[in-house]
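What follows is a short report on a single structure.
Heavy atoms only: backbone and side chains are in, while hydrogens, waters and symmetry mates are out. Not measured: the values here are computed from a predicted model.
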Amino acid sequence: MAKSRHGKHFVSFLPAVSTDAKKAMGKVIRSWHLAKRSDKSLDDLALMFNNVVQGWINYYGRFYRSQLLYSSAGSTGI
């Protein structure tokens, strides 16, 4: 339990993307073999992958978006 600035106790909970979900997203990103797609333009890559990435951001980032964006970027290497 956490204590508010007024001295009242409350349950503190920050829903965020789980470690397992981040690992699964990283596995999917690695399966795209981005390094082997050097013949594609950035616009082509965006067309291919933006729907998936945007879906993850919408689903997992509903409550704690910064934790999803910054920690995922570091763990997936993008």
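Residues that satisfy the side-chain contact (heavy atoms from CB on, under 4.5 Å) test with T19, not counting sequence neighbours, are K23. S4 meets the side chain to side chain donor-acceptor pair (under 3.5 Å) test with no other residue; sequence neighbours excluded.
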Return a table of donor-acceptor pairs under 3.5 angstrom between the side chains of residues 50-62 and protein atoms on other chains or two or more places apart.
{"residue": "Q54", "atom": "NE2", "partner": "N58", "partner atom": "OD1", "Å": "3.2"}
{"residue": "N58", "atom": "ND2", "partner": "Q54", "partner atom": "O", "Å": "3.4"}

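Atom CG in L47 sits 10.5 Å away from atom NZ in K40 (nearest 0.5 Å). The distance from the CZ atom of F49 to the CG atom of L34 is 5.5 Å, given to the nearest 0.5 Å.
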Working for side chain to side chain contact (heavy atoms under 4.5 Å, CB included), residues M25 and V17: CA-CA 10 Å; M25 286 185 279; V17 62; 3.5 Å; yes
